[in-house]
> 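One structure is given below, represented as C-alpha cells, and several questions about it will come after.
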Amino acid sequence: MVLRRIKVARWRANKHLQRQQSQWQPHKMRLFKRCQTIWFNLGSAQKLYLLAIVCLVVLQSGWLATVITIIALVVEFWPKFNQLWHSLAGKALILVFYATIANFVLASASGIVNEVTGVSASHFNYTHNFATLLYLPPWALGITLCTLLLLQLFLPFYIVALLLIKPFGSQRIKFISQSYSPLMTALVRFFLASVVIVNIISFVDDKPAEAVLDDITASFSEGKALVDDSPARQEQAVQQLSEKIQQDLPTQHSGAKQPGNSAEVQVEGDTEAAKNIQQFLHTKGYFERSKRLIAMFAYSYEADSFSRCEKANSVKAVELNDYEIVEIAPDDSMPYGYRFRVRACQSPGISPP
C-alpha cells in the first residue's frame, strides 16, 4: 500500500514537472530567439566587448579581457582613424597629437639619461635615441588609451545631443556608427578601457592589479583632501603624502643588489653578459629595466674603449669637452649596474692641476 502511494506521488510529480516544462518551453524559445537576434545585430567590436566581459566575469582573467578589448578597440576605431586621415583637418589633428607625444617622449628620455649617467643627455646622443625608442611605445599607447577613455566620458552626452536635434531634421554625419544600443556600448567600452589601463599599469610597474587600484584610490583620496577647504585637512594630507614619498624612496632602485636576493648568487665562471641578464631579470618594472638597459647601452655602444685621456683598461670613457670625461665601469653595487664618474682629462696635451 505504501509503495503504491509512493508510485502515485511520483507519477503526479512527473506530470506536474512536464506541465511546468511545457509552459516554460515557449518562454525559453522566445528568450533564445531574442538573444539570437541581439547577437546577430551586434557588430564585430560589440561581440568582442561582450566576450571580454564574459572573460572578466566568468573566467576572472583580466589579461585575456585586456587583449580582447584592445583588439575590439582597434577593430572599431581603425576605420574611423582612416576616415579622419583622409581629410586635411584630420591629418593635421593626428600629426599634432603624435608630435605632442613625441615631444614629451624626447623630454622624458633626456631626463632619464641624465638620471642614469649623471650628465646632460646631449653628451650621449645615441643613448638618448635608444631611450626614446624604449619610452615611445608606453607613452604612445598610454596617451592613446587615455584619450579613448576620455572620449567615452563625452560620448553619451554626444549621443543625447544627437537625439535632441534629430526631431529638427539634422542630417549631419555622425562620429559614431549606427550600431545596436550605442549608449550601452559606450558605457561597456568605458568600463573595459579602464580595465585595460589598470592592467597595463600593472604590467609596467610589475605589481598586481589590486595594488594598482588601491594606489589610484589612495591618490584620489589624497587629491580630494588637498583641495579641501579646511587648512587642517590640507596640512594633514601634505604630511601623509610626504611620509609616503619618504617610504618609497629606498625602494626606487629595486634593481640594486639587496641582502638575501637570489641575484647575489655568484656562479664561478659566469660571463659579464650572463650577470647582466641575471640582474636585468631581477629588476622589477618596465621603467626600471629600461634604465638598466640604457646604462648597458651607454657602456657597450656609446663609450669608447680607447681615449686620448688617461684611464684604466677596465673602464670606458665619453669625452664631455677638452678637459673632462665620464668614466663608465661595471659596478654591481650601483642602482643600474654601472658606475658613471666625471673626472678631469689627463692627456699629453693637458697637464694635470
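All figures in this text were calculated on a predicted structure; none of them were measured in a lab. Both backbone and side-chain heavy atoms feed into the values below; hydrogens, waters and symmetry mates do not.
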> On a heavy-atom basis, which atom in S290 and which in L134 lie closest, and how many Å separate them?
O-CD1, 3.9 Å
> Roughly how far apart are S87 OG and L93 CG, rounded to 0.5 Å?
8.5 Å
> What are the two closest non-hydrogen atoms of N114 and S120, and how far apart are they?
ND2-N, 3.8 Å
> Show, in sequence, the C-alpha distance, side-chain angles and deciding distance for D331 and R341, and conclude whether the salt bridge (Lys or Arg N to Asp or Glu O under 4.0 Å) test is met.
CA-CA 12 Å; D331 189 349; R341 185 170 70 93; over 6 Å; no
> Can you name the nearest heavy-atom pair linking A329 to Y299, along with the distance?
CA-CE1, 4.2 Å
> Applying the 4.5 Å side-chain criterion to the ILVMFWY set and letting contacts propagate, would L48 and L73 be lumped into a single cluster?
no
> Find out if a path of hydrophobic residues (ILVMFWY) with successive side-chain heavy-atom gaps under 4.5 Å connects W63 to V57.
yes
> Any sub-3.5 Å donor-acceptor pair from H123's side-chain atoms to I325's backbone N or O?
no
> I want to check something: taking the side chain as every heavy atom from C-beta on, are V116 and Y338 in contact at a cut-off of under 4.5 Å?
no
> Report whether L95 and L88 are members of the same hydrophobic cluster (ILVMFWY, side-chain heavy atoms less than 4.5 Å apart, transitive linking).
no
> Kindly determine whether I94 and F81 satisfy side-chain contact (heavy atoms from CB on, under 4.5 Å), including the steps that lead there.
CA-CA 9 Å; I94 292 172; F81 182 86; 3.6 Å; yes
> Under a 4.5 Å side-chain heavy-atom rule over Ile, Leu, Val, Met, Phe, Trp and Tyr, are L136 and I70 clustered together?
yes
> Can we call the ring centroids of F297 and Y301 under 6.0 Å apart?
yes
> If only atom types and distance count, is the side chain of K311 paired as donor or acceptor with the main-chain N or O of Q346 below 3.5 Å?
no
> Report yes or no: does E76 contribute a side-chain atom to a donor-acceptor pair with the main-chain N or O of A45 at less than 3.5 Å?
no
> Could you check if a side-chain atom of R189 sits within less than 4.5 angstrom of a side-chain atom of T185, using non-hydrogen atoms only?
yes
> For D304 and S307, indicate whether the former's side chain and the latter's backbone hold a donor-acceptor pair under 3.5 Å.
no
> Measure from the side-chain N and O atoms of T117 to the backbone N and O of V113, and report whether any donor-acceptor pair falls under 3.5 Å.
yes
> Run the ring-ring contact (aromatic ring centres under 6.0 Å, His included) check on Y135 and F287 step by step: do they pass?
CA-CA 8 Å; Y135 280 80; F287 295 111; 5.3 Å; yes
> Check step by step if side-chain contact (heavy atoms from CB on, under 4.5 Å) holds for V196 and L192.
CA-CA 6 Å; V196 170; L192 290 176; 5.5 Å; no
> In the structure I gave you, are the side-chain heavy atoms of I197 and C146 within less than 4.5 Å of one another anywhere?
yes
> Please say whether more than 12 non-hydrogen atoms of neighbouring residues, nucleotides or ligands are located less than 6.0 Å from CG in N321.
yes
> Answer whether the closest heavy-atom distance between the side chains of C345 and E319 falls below 4.5 Å.
no
> Is there a path of hydrophobic side-chain contacts, each under 4.5 Å between heavy atoms, that joins M296 and Y126?
yes
> Verify salt bridge (Lys or Arg N to Asp or Glu O under 4.0 Å) between R339 and E327, making sure each step is shown before the conclusion.
CA-CA 8 Å; R339 184 182 71 254; E327 287 187 344; 5.5 Å; no
> What I'd like to find out is whether the side chain of I294 reaches to under 4.5 Å of the side chain of I112, using heavy atoms alone.
yes
> Please determine if K316 and E302 form a salt bridge, counting it only when a charged side-chain N lies under 4.0 Å from a carboxylate O.
no
> Working note: I200 + L145, criterion side-chain contact (heavy atoms from CB on, under 4.5 Å); need CA distance, chi angles, decisive distance, verdict.
CA-CA 10 Å; I200 289 180; L145 284 175; 3.3 Å; yes
> Do K291 and E115 meet the salt-bridge criterion of a basic N to acidic O distance under 4.0 Å?
yes
> Do the side chain of T144 and the main chain of L141 share a donor and acceptor less than 3.5 angstrom apart?
no
> Closest heavy-atom contact between V105 and W139?
CG2-CB, 3.5 Å
> I want to check something: taking the side chain as every heavy atom from C-beta on, are F124 and V119 in contact at a cut-off of under 4.5 Å?
yes
> Grab the two heavy atoms, one from F191 and one from L56, that are nearest each other, plus how far apart they are.
CE2-CD2, 3.6 Å
> Testing the basics here: between S314 and P330, what is the closest heavy-atom pair and its distance to 0.1 Å?
O-CD, 4.4 Å
> Apply side-chain hydrogen bond (donor to acceptor under 3.5 Å, both in side chains) to T66 and list each qualifying residue two or more places apart in sequence or on a separate chain.
N199
> For the pair T147 (side chain) and I143 (backbone), establish whether a donor and an acceptor sit closer than 3.5 Å, ignoring hydrogens and angles.
yes
> Is there a side-chain contact (heavy atoms from CB on, under 4.5 Å) between L50 and K47? Walk through the geometry before answering.
CA-CA 5 Å; L50 183 59; K47 292 178 180 178; 5.6 Å; no
> Among all residues two or more places apart in sequence or in another chain, which pass the side-chain hydrogen bond (donor to acceptor under 3.5 Å, both in side chains) test with N82?
none
